[in-house]
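Below is one structure, written out as structure tokens, with a few remarks after it.
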2 protein chains.
Amino acid sequence: MGDERARPIEWLGDHVRLLDQTRLPGEEVYLELDSYQGLAEAIRELRIRGAPAIGVAAAYGMALAALKIEAGSRDDFLTRLRRASRALAATRPTAVNLRWAIERMKKVAAAGRDIGRIKQALVEEAVRIHREQFEADRRLSQLGAGLIKDGSVILTHCNTGALATTGCGTALGVIGAAAEGGKAVKVLATETRPLLQGARLTCWELQRAGIPATLITDSMAGYFMSRGGVDCVIVGADRIAANGDTANKIGTYTLAVLARENGIPFYVAAPTSTIDPTLAAGDDIPIEQRRPEEVTHIRGVPIAPEGCQAANPAFDITPHKYITAIITERGIIREPFGEGIRRIL
Amino acid sequence: MGDERARPIEWLGDHVRLLDQTRLPGEEVYLELDSYQGLAEAIRELRIRGAPAIGVAAAYGMALAALKIEAGSRDDFLTRLRRASRALAATRPTAVNLRWAIERMKKVAAAGRDIGRIKQALVEEAVRIHREQFEADRRLSQLGAGLIKDGSVILTHCNTGALATTGCGTALGVIGAAAEGGKAVKVLATETRPLLQGARLTCWELQRAGIPATLITDSMAGYFMSRGGVDCVIVGADRIAANGDTANKIGTYTLAVLARENGIPFYVAAPTSTIDPTLAAGDDIPIEQRRPEEVTHIRGVPIAPEGCQAANPAFDITPHKYITAIITERGIIREPFGEGIRRIL
């Protein structure tokens, strides 16, 4: 998305600098965090969010934890590091990138002998995960841009830009690559209730990138699709099962059903780190249930009568039959998705 | 909905008392209005809303206009009344009840000879329209309640209770009648962005009626439907074309598509005054486009970056093929809807 790309998290030698996304777009506030507990809190409270970005954040969390451990023995060090890893893994249940990054970090720790060297190796691995994510975004965005026709109106949901990935983005990366490649594209951005990542973050990123965008409420997507006003839908993913079923921000399933009903291609863009080959199908993906106050209040303002009950599932599952293609850094997968996913991993 | 039924508008001899619905649920503020211009402003700003309610309000607006006209001749009187009728009709383009009520009032005026008598006849006609609406709600609610199974979870959209109709409600009237008839029902109420009539008004009315309700964002409806958590969907209508295609609050089309995809009955509840037999199909129904600020701001708080563009269609069209039945005070209509509508009118 050009030079104006947001930097949701940066490693500064012994701590991280994190852009507090809950304050956007009103304020650009950066937090300096040097403990894994602080980073875990930031992940839980969505100061950093987006499946790939929280994978990177968890890797840095492991590095921060390692740097702070003063252990007498390697075993003691590894025991304490496991404690940190459990705390980080527990922050958010749906996005698999978090667990994937932590597993990579744990393997690096287990392979080392000397505590000092392990600490250094963990920092290096976290930086490598960050760099790999950056590269994966770049490659999948280029691949995905090939699917976008010149003059397209693209509908997207939630936020999948630099803020969500630490790279150039997934779904929004594809849109940015299409625009940089000279294609005229326009974006319909859903606001994405309850936490408004579309309105607050996607519109902010598209504005900085100079890509024309129109904000709509989530309930308006069907209106525009049914009137021929949408050429394709692209979304990100929080976890993709072995058969291609995809967990993503609540509302994604609805967009996929509407897209199929109206003959509109529906694309999922995600790095392979979002694929969880251990789960056969989407039904097995755990869905995070968040606080009802996120529904009954908007930016702190109550919108419902006092005492009103509310539900708040943060994700839903889009069965693979609704998905036209999954765009990854290793290639574009189509039906049969199970086979394509096995081949690519 | 019991004795706690809200009274959105009341005729008090020479003026109306109107509950300002934009202030709900936080504050219960009543406005005393004695001019049609004030009432037109209240309709435009959604202080009173809901297709049947704005039909009743427009009728009272005509009565208020008539009472204030000091004309030298019957022709002069009718000319000035037409001016008021045009202003009232222009407030909101989609709901046909508004135009329907104004046409009834104009006919009454045209039939009278003496200005004093015409004024009195207009007041009587407005009160009659109000009472008829009340009766229509009661009858369609009873009829509709027969479609609701004991133990149902019912998903509804926007607000269709007493606040929306001045009677006992349409979709919410059906739910209330089922509950009063002894059926255990639970409601999933969509918040209904942009103006949150579901969160603000439906949850408020259901709370007062003692019917268990859970608030969800519009984007969550698909999640609950796909998991077997919804037994039927009931919504109201702003205009129904001769073939059964239905204009209703933005997001309704999406709910209808999701319902069909998941094998869930989708009901429309509306008085026959909402049917517009002059329009062959839904494509002909004008869709009101409202201010973008209703999307970029929520309850006055900005949710998008400054300068962000937004679209704001207030309604969408649900083609009749997605509708299981239309519940009116004169009977329940099913496919073929065109025939059923002709028979009933």
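Side-chain atoms are counted along with the backbone in the values below, which use heavy atoms only and exclude waters and symmetry mates. Below, chains carry the letters A, B, ... as their sequence lines are ordered, and counting in each starts from 1.
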Where do B:Phe266 and B:Ile323 land on the side chain to side chain contact (heavy atoms under 4.5 Å, CB included) test, with the steps shown first?
CA-CA 5 Å; B:Phe266 182 89; B:Ile323 300 171; 4.2 Å; yes
Pair A:Val185-A:Ile211, side chain to side chain contact (heavy atoms under 4.5 Å, CB included): steps then yes or no:
CA-CA 7 Å; A:Val185 293; A:Ile211 296 172; 4.2 Å; yes
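Within the 4.5 Å cutoff, the side chain of A:Ile175 has no heavy atoms near those of the A:Ile148 side chain. A heavy-atom distance below 4.5 Å is not found between the side chains of A:Ile154 and A:Val230.
Taking all atoms of both residues into account, the shortest heavy-atom contact from A:Ile240 to A:Ala270 is CD1-CB, 4.0 Å. Nearest heavy atoms, A:Ala162 versus A:Ala6: CB-O, 3.5 Å. A:Gly236 and A:Ala171 get closest at one heavy-atom pair: N-CB, 3.9 Å. Heavy-atom minimum distance, B:Ile234 versus B:Ala269: CG2-CB, 4.3 Å. Between B:Gly229 and B:Val153, the shortest heavy-atom distance links the atoms O-CG1, 3.3 Å.
The distance from the CG atom of A:Leu195 to the SG atom of A:Cys158 is 9.0 Å, given to the nearest 0.5 Å. Atom CG in B:Leu18 sits 5.0 Å away from atom CD1 in B:Ile48 (nearest 0.5 Å).
Within the 4.5 angstrom heavy-atom criterion, atoms from both the backbone and the side chain of A:Val295 approach chain B. Only the side chain of A:Phe224 comes within contact range of chain B, with heavy atoms under 4.5 Å apart. Contacts between A:Ala311 and chain B at a heavy-atom distance below 4.5 Å involve backbone atoms as well as side-chain atoms. For A:Ile287, the part sitting under 4.5 Å from any heavy atom of chain B is the side chain, from C-beta outward, and nothing else. Only the side chain of A:Pro25 comes within contact range of chain B, with heavy atoms under 4.5 Å apart. Residue A:Ile317 touches chain B through its side chain alone, counting heavy-atom pairs closer than 4.5 Å.
Per-residue counts of heavy-atom pairs under 4.5 Å with chain B were compared for A:Ile303, A:Val257, A:Leu188; the largest is that of A:Ile303. Residue with the most contacts toward chain B among A:Ile298, A:Leu196, A:Val301: A:Ile298 (heavy-atom pairs, distance under 4.5 Å). Of the listed residues A:Leu255, A:Leu24, A:Leu258, A:Ile216, the one with more heavy-atom pairs under 4.5 angstrom with chain B than any other is A:Leu258. Ranked by heavy-atom pairs under 4.5 Å with chain A, the list B:Pro302, B:Ala213, B:Pro313 is led by B:Pro313. Looking only at heavy-atom pairs under 4.5 Å with chain A, the residue among B:Cys308, B:Gly198, B:Ala221 that has the most is B:Cys308.
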Inter-chain donor/acceptor N,O pairs below 3.5 Å: chain B to chain A:
from, atom 1, to, atom 2, distance (Å)
B:Glu191, OE1, A:Arg193, NE, 3.1
B:Glu191, OE1, A:Arg193, NH2, 2.5
B:Glu191, OE2, A:Arg193, NE, 2.8
B:Arg193, NE, A:Glu191, OE1, 3.1
B:Arg193, NE, A:Glu191, OE2, 2.8
B:Arg193, NH2, A:Glu191, OE1, 2.5
B:Gln207, NE2, A:Glu306, O, 3.0
B:Leu215, N, A:Gln309, O, 2.9
B:Leu215, O, A:Ala311, N, 3.1
B:Ser219, O, A:Gly251, N, 3.4
B:Tyr223, OH, A:Gln289, NE2, 3.0
B:Gly251, N, A:Ser219, O, 3.4
B:Tyr253, OH, A:Asn262, OD1, 3.4
B:Tyr253, OH, A:Asn262, ND2, 3.0
B:Arg260, NH2, A:Glu261, OE2, 3.0
B:Glu261, OE2, A:Arg260, NH2, 3.0
B:Glu261, OE2, A:Tyr322, OH, 2.5
B:Asn262, OD1, A:Tyr253, OH, 3.4
B:Asn262, ND2, A:Tyr253, OH, 3.0
B:Gln289, NE2, A:Tyr223, OH, 3.0
B:Glu306, O, A:Gln207, NE2, 3.0
B:Gln309, O, A:Leu215, N, 2.8
B:Ala311, N, A:Leu215, O, 3.1
B:Tyr322, OH, A:Glu261, OE2, 2.5

